[in-house]
Amino acid sequence: MAAIEPIDIVELDVSDAKVGLVLSTEAGWNQNEADWRFFLSQGVVFGARDGNRLLATAALLPYSAGNAWISMVLVTANFRRRGLATRLVDTCLEAAARRRLTTWLDATPAGAAVYGPLGFAPTLQLRRLRLEKPQGTTATRPLAAGNLEALAARDGGAMGFDRSTLLSEFAARPGSRIVSDARAMALIRAGRTARHIGPVLADHADQALALVDAITSSETGPWLIDAVQSQDAFLNGLVRSGWNIERPFQRMRFGSATASPAQPPFAVAGPEFG
């Protein structure tokens, strides 16, 4: 096995979006090139290279009120289990410490086993669900267009800090839309392999379920959604409607919470983004 010590950690720039997309595509993630360009332009992305080949990445995206998100933690298959992910996350944590930021991430079960010893504490449990059934032919009513400012305000209350920069970026992309129905709101955006619904914000589970059903009846699939496990009525309702649970995720935090969130969302914007 080759030693990893000679592999330097470097800071990437927007020109690395295409090679970053190669890594996330290899992992089967839903990001597209626009997602990579956003992180590379708005955050700081660290990478490990072997010559011109990008082996691994981790990104730090600052939010408001002293918070930041670690994402895009990826290692190409034949360089895994050599400590690269830990080195890159440590580099992100060092950058966050210099800025006095509380950091968050969404981890797979394997990732959580790595991040726990680094000092990350679990918060929300998440479940990624997929709906393959092609719909888009049974819509009975048009969905009202939602308001970005209202969505960002409700999301900020659910998170405990503002993420309007991220939501504005997603909402402005071709094919994205914000929709509302009764007291529920959601953002819909395109991914590499599926349309993604999230965040989903509502007062009650039945409102959130009705909105998701209306969304999936208004367009063809496939669909992805990242549901909060503690919102069990919503999660169980999705499963009864034909959604399949693909895998769990664990939201984790390094450092003290900067604010007390309100009721958690029914679904988040996506575990690779927070």
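Everything numeric in this text was worked out from a predicted model, so none of it was measured. Positions are given from 1, in the same order as the sequence printed here.
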Checklist entry - Should D50 and F79 be marked as a side chain to side chain contact (heavy atoms under 4.5 Å, CB included) after you check the CA-CA gap, both sets of side-chain angles, and the distance that decides it? => result CA-CA 10 Å; D50 181 15; F79 276 80; 4.2 Å; yes
Next on the checklist: Walk me through whether V89 and F120 qualify under side chain to side chain contact (heavy atoms under 4.5 Å, CB included).
Outcome noted: CA-CA 11 Å; V89 171; F120 283 88; 4.1 Å; yes
Checklist entry - Stepwise, does the side chain to side chain contact (heavy atoms under 4.5 Å, CB included) test hold for W29 with L74? => result CA-CA 10 Å; W29 287 11; L74 291 154; 3.7 Å; yes
Next on the checklist: I'd like to know whether R247 forms a salt bridge (charged side-chain N to carboxylate O under 4.0 Å, His left out) with D226, so could you lay out the CA-CA distance, the side-chain angles of the two residues, the decisive distance to 0.1 Å, and finally the verdict.
Outcome noted: CA-CA 10 Å; R247 55 185 181 271; D226 297 302; over 6 Å; no
Checklist entry - Does the pair L209 and F234 meet the rule for a side chain to side chain contact (heavy atoms under 4.5 Å, CB included), with working shown? => result CA-CA 6 Å; L209 287 167; F234 177 70; 3.6 Å; yes
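At a cut-off of 3.5 Å, with distance as the only test, a side-chain donor of T76 or E26 sits close to an acceptor on the other residue. A donor-acceptor contact under 3.5 angstrom links the side chains of N30 and T193, judged on distance only. W36 and S24 are linked by a side-chain donor-acceptor pair at a separation below 3.5 angstrom, with hydrogens and angles left out of the test. Defined by atom type and a distance below 3.5 Å, a donor-acceptor pair is present between the side-chain atoms of S218 and R177.
Distance OG1/T57 to CZ/F39: 10.0 Å, rounded to 0.5 Å. To the nearest 0.5 Å, atoms CZ (R87) and CD1 (I7) are separated by 7.0 Å. Taking CD1 of I215 as the start and CH2 of W223 as the end, the distance is 6.5 Å to the nearest 0.5 Å. Atom OG1 of T102 and atom CZ of F161 lie 9.0 Å apart (nearest 0.5 Å). Atom-to-atom distance recorded for I178:CD1 and L143:CG is 13.0 Å, nearest 0.5 angstrom. Taking OH of Y63 as the reference point, atom CG of L166 lies at 4.0 Å (rounded to 0.5 Å).
Remark: the backbone N or O of V10 is not paired with any side-chain donor or acceptor of D8 at under 3.5 angstrom. Side-chain N or O atoms of T123 include one that pairs as donor or acceptor with a backbone N or O of R251 at under 3.5 Å. Of the possible polar contacts, none joining the T25 side chain to the V22 backbone as a donor-acceptor pair under 3.5 Å is found. Without hydrogens or angle criteria, N236 side chain to D232 main chain gives a donor-acceptor distance under 3.5 Å. Under a 3.5 Å cut-off, the side chain of R49 and the backbone N or O of A56 do not form any donor-acceptor pair. Between the side chain of R99 and the main chain of A95, a donor-acceptor pair closer than 3.5 Å is present. Judged by distance alone, the side chain of R253 and the main-chain N or O of G255 form a donor-acceptor pair under 3.5 Å. Looking at N147, its side chain does come within 3.5 Å of a backbone N or O of A150 through a donor-acceptor pair. In this structure, the side chain of R82 engages the main chain of N78 through a donor-acceptor pair within 3.5 Å. Between the side chain of Q250 and the backbone N or O of L124, at least one donor-acceptor pair lies under 3.5 Å.
Both L88 and V114 are assigned to one and the same hydrophobic cluster, defined by single-linkage of ILVMFWY side chains at heavy-atom distances under 4.5 Å. Hydrophobic clustering (side-chain heavy atoms under 4.5 Å, transitive across Ile, Leu, Val, Met, Phe, Trp, Tyr) keeps L61 apart from L101. Cluster annotation: L118 and F46 are assigned to the same hydrophobic cluster (Ile/Leu/Val/Met/Phe/Trp/Tyr, side-chain heavy-atom contacts under 4.5 Å, transitive). V212 and L224 are assigned to two separate hydrophobic clusters, defined by single-linkage of ILVMFWY side chains at heavy-atom distances under 4.5 Å.
Annotation: side chain of M72 is not in contact with side chain of L23 (no heavy-atom distance under 4.5 Å). In this structure, L131 and N244 have side chains that are not in contact, with every pair of non-hydrogen atoms separated by 4.5 Å or more. Side-chain contact between T108 and F249 is present, with at least one heavy-atom pair separated by less than 4.5 Å. Residues V73 and L105 are not in side-chain contact: their nearest non-hydrogen atoms beyond the backbone lie 4.5 Å or more apart. V179 is not listed as a side-chain neighbour of M185, based on a closest heavy-atom distance of 4.5 Å or more. Side-chain contact between V45 and E11: absent, with no pair of heavy atoms (C-beta onward) separated by less than 4.5 Å. I70 places a side-chain heavy atom less than 4.5 Å from the side chain of L93.
Between F38 and F170, the two ring planes are tilted [angle within 30° to 60°].
When all heavy atoms of A267 and I225 are compared, the closest pair comes out as CB-CG1, 3.7 Å. Across R173 and A34, no two heavy atoms sit closer than the pair NH2-O, 3.3 Å. Taking both residues in full, the closest heavy atoms of G47 and L54 are given as CA-CD1, 4.2 Å, listed atom of the first, atom of the second, then distance. Of all non-hydrogen atoms in V200 and A186, the two that sit nearest each other are CG2-CB, 4.1 Å. Shown here for L129 and A227, the closest heavy-atom pair between the two residues is CD1-CB, 3.8 Å. Taking every heavy atom of both residues into account, R192 and Q31 meet most closely at CB-O, 3.1 Å.
At a threshold of 4.0 Å, the pair R37-D16 does not count as salt-bridged, since none of the basic side-chain nitrogens sits closer than that to a carboxylate oxygen. R130 and E246 are joined by a salt bridge, as a carboxylate oxygen and a charged side-chain nitrogen come within less than 4.0 angstrom of each other. Ion pair D106/R128 not flagged as a salt bridge, since none of the NZ, NE, NH1 or NH2 atoms sits closer than 4.0 Å to an Asp/Glu carboxylate oxygen.
Residues forming a side chain to side chain contact (heavy atoms under 4.5 Å, CB included) with S41 (at least two apart in sequence, or on another chain): V14. By the side chain to side chain contact (heavy atoms under 4.5 Å, CB included) test, Q207 pairs with R183, A184, A202, D203, H204, sequence neighbours left out.
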